[in-house]
Number of protein chains: 2
Amino acid sequence: MPKEPSRLDERKRTILRAVVDEYVEHAEPVGSRSLVERYSLNLSSASVRSTLAELEQLGYLEQPHTSAGRVPTDRGYRIYIDELMELEPLPEETKEHIREQLRESIDEIPELLRQASGLLSQETGYVSLALQPRVASSVLRQIKLLMIEPGRVLVVLVLSAGVVRDRIVRIPDVLDQHQLQRIAAAIEQQLAGCQLRDISFIMMQLAAADSQVPESLLNQVLFETWTAIQQADQLAAYVDGMPNLLRHREFHSISRARDVVSALSSDGLLTGLMEPLRPAVGSSGHGGADAGALAERSAAVPWMVRIGQELQQEGLEDCSFVTTTYHLPEQLVGSIGVVGPRRMAYSRVISHISFVRQTIDHLLTWRSSRS
Amino acid sequence: MPKEPSRLDERKRTILRAVVDEYVEHAEPVGSRSLVERYSLNLSSASVRSTLAELEQLGYLEQPHTSAGRVPTDRGYRIYIDELMELEPLPEETKEHIREQLRESIDEIPELLRQASGLLSQETGYVSLALQPRVASSVLRQIKLLMIEPGRVLVVLVLSAGVVRDRIVRIPDVLDQHQLQRIAAAIEQQLAGCQLRDISFIMMQLAAADSQVPESLLNQVLFETWTAIQQADQLAAYVDGMPNLLRHREFHSISRARDVVSALSSDGLLTGLMEPLRPAVGSSGHGGADAGALAERSAAVPWMVRIGQELQQEGLEDCSFVTTTYHLPEQLVGSIGVVGPRRMAYSRVISHISFVRQTIDHLLTWRSSRS
DNA sequence: ATTGGCACTCTTTGAACTCGAGTGCCAGAG
DNA sequence: CTCTGGCACTCGAGTTCAAAGAGTGCCAAT
């Protein structure tokens, strides 16, 4: 469906935008009076009031109670983000700072993500997340078995895009480094180029069959190695800026605060919230009427915002997620995001997250060409 | 100084213990009435009152205001921990559960720590911490350089006690795997057995001098490798159970909550709070009068409790830390701990943390002997 | 030494009340 | 037809006041 330009007339748009801006800044229901004062609408408060009433009718605003000002609804934020807000470009010095910080940790992806997460939470004042790329679909390039001490071996996997995973496993301690090397070489020879998810235990047995190691020993090694490969896809999430969150009004009530802290402490939950956007890189095809949450103004800005209810998570009704996808070479993708109160400075957050993503993509793509 | 048996008579001891127990459980100032009701002191509330007054006089208790019950002071908790509380042994099934969980992740120390931390926070209902061992004083056993792709190399360090660290570095991309292997072998040959902190860049240059690699290239590799070695000592802290904390009364006030969350999010701060106990394994010799915080009932229980003010940390006045030290072979040590409100179920926490520590020590010591 | 009794203190709770921000609606002006 | 000033109305926030209740300290009696 091509962007419906929304049937709001100019005045409604202006006023809705003003309400959201005002509410985001002051965290208090906004009334007609302050709007007239602070935004140069050439209108009386009475006229504004009637417009506000209409916007409420349309479901973009609501009143906590009669005789209070208006507050945006999820729908209000949604349209604000999709059509009303203005994305201001980042000041050049901020950009430079981000570039510099990220450049420093370009060699290690975990470090890069930690760094990115730190930057985002610091710059936006909310909580930030960074998820490692899933590597199940990436390809095995190298595999090494290093004997740490008799009976313990470090399995080193080199995957697509130069991603490295390793893990210590236990093996029969009669094996020596040479035998291990032969096994590793055999596996590498046969399975290099396979996607991790496609590697079965059987394939490994076939690959290593002629490595001149007694079968029962061999099988133990292979099994442990195979397990290590399977576990390479583990999710790791970096969360930064927790304390920021507790600064915002909506979390002064502890129970809300706890809900959010819990959510952010639960890897599983985070993953669930970040994952869904993975497939949808190009855009389109998002869920049902109201749940449809994919927000892009064009295919060129593939960030996604999920607001309050849209998250469909008990306890996170007062939160929003802004997420985006970074790219490593060879189709590897991961996501980074910002979590904050629903009343979030969306434009600010989106500007930052977009730039961080862009910088990561850029750095990782050109990584090999810098000395 | 040999344990002064404290000049409190039996009644005072009983009552102080009761006050602490009661307060820990109910989080409300405890009055003479409820003490008489709930604990079988064969006394009237009036007598209890006078004892309470004396305990207050001695600085073990205080009143939030006249006409409120009593609350333990830091000193009150201190003596409670040092002399009054009863450590109940863990039920066998809990022990078994802990053993089982830890045994699963014995091969990877980070995983083990994550696991331990998870167990502690879950079992105690507070926040738990686990710090990786510092490896600056550990010894280099093996070093490998694995070429990930041209220009990028994985430096793998095997240290004392089979601890593994690795890191990707960037090197001139004209070098090939064989040259790297020669360099690594040369370094390993010469420097195996050295403590990491003693390894200087010069030593590495000397060690690798005859590896038949052009000097300027060699130096770049050596420098990156040396950096990787230096950075092997990075601190990593695992924190678990944050949301637990917000359940407790003392953190319903957000500002307190934020202080704690901030502290727990700051690696530096955590480290500072956990480190000081490292040297004092055997016991004795702790600081000045009131600050002296090392609490052990005998050399066999080397845990340490730091209560409120004793932490000397702005914002953590309402918290306590219980920490202890786990041991890897070859003198490597790290620490695990629990953070909670000052009003903490100390005996419960100490029982758990002691057992976890003991289990870790045991598992790691005998790691190599299990198949 | 212990205890029952009593006066006193200080917080908590809730009701009643005022204040003010904000609304909806309407009649009249442009 | 649109906009505006005016007005009555609503509802939460804050204040005040009194009563309730928990707990204390002290003392005289056992």
Would you say Ser44(B) and Ser47(B) are linked by a side-chain donor-acceptor pair, where the criterion is simply a distance under 3.5 Å? yes
dT3(C) C1' sits how many Å from Leu41(B) CG, rounded? 15 Å
Measure CG/Leu55(B) against P/dG25(D) and give the value in whole Å, please. 12 Å
When rounded to whole Å, the CD to C1' distance for the pair Gln57(A) and dT23(C) reads 15 Å
Taking OP1 and OP2 of dG24(C), is either one under 4.0 Å from a side-chain nitrogen or oxygen of Arg70(A)? yes
Let me check I have this right: for DNA chain C, each base becomes ., (, ), [, ] or |, based on Watson-Crick or G-U pairs with both distances under 3.5 Å. What is the full string? ||||||||||||||||||||||||||||||
Can you sort out which residues in residues 45-54 of chain B have a heavy atom within less than 4.0 Å of DNA chain C? Ascending by number, please. Ala46(B), Ser47(B), Arg49(B)
List, with names and distances, any nitrogen or oxygen atoms from the protein found under 3.5 Å away from nitrogen or oxygen atoms belonging to nucleotides 7-10 of chain C.
from    : atom 1 : to       : atom 2 : distance (Å)
dT9(C)  : O2     : Ser67(B) : OG     : 3.1
dC10(C) : O4'    : Ser67(B) : OG     : 3.2
dC10(C) : O2     : Ser67(B) : OG     : 3.3

Do Leu245(A) and Leu264(A) have side chains that approach each other closer than 4.5 Å (heavy atoms only, starting at C-beta)? yes
N-O pairing of Asp82(B) and Arg78(B) below 4.0 Å: yes
Should the pair Glu250(A)-Arg343(A) be classified as a salt bridge under the 4.0 Å nitrogen-to-oxygen rule? yes
Nucleotide dT4(D), atom C1' - distance to CZ of Arg11(A) in whole Å: 12 Å
Test: Glu62(B) and Arg70(B) ion pair at under 4.0 Å: no
Does the Arg75(A) side chain pair with the main chain of Leu58(A), one donor and one acceptor, at a distance under 3.5 Å? yes
Is Arg256(A) close enough and on-axis enough to Phe251(A), meaning under 6.0 Å and within 45°, for cation-pi? no
Taking atom types as modelled and ignoring hydrogens, do the side chains of Ser320(A) and Tyr346(A) form a donor-acceptor contact shorter than 3.5 angstrom? yes
Determine whether the side chains of Ser265(B) and Ser262(B) contain a donor N or O and an acceptor N or O closer than 3.5 Å. no
Could you tell me the separation between the CD atom of Gln63(B) and the P atom of dG25(D), rounded to a whole number of Å? 5 Å
Glu317(B) bridged to Arg342(B) by N-O distance under 4.0 Å: no
Calculate the interatomic distance between Glu28(A) atom CD and dG12(D) atom P; express it in whole Å. 15 Å
Passes side-chain hydrogen bond (donor to acceptor under 3.5 Å, both in side chains), Tyr80(B) versus Asp21(B)? Steps please. CA-CA 9 Å; Tyr80(B) 173 84; Asp21(B) 285 340; 2.6 Å; yes
Lys12(B) NZ to dA1(C) C1', in whole Å, measures 13 Å
Whole-Å distance between dT4(D) C1' and Arg33(A) CZ? 15 Å
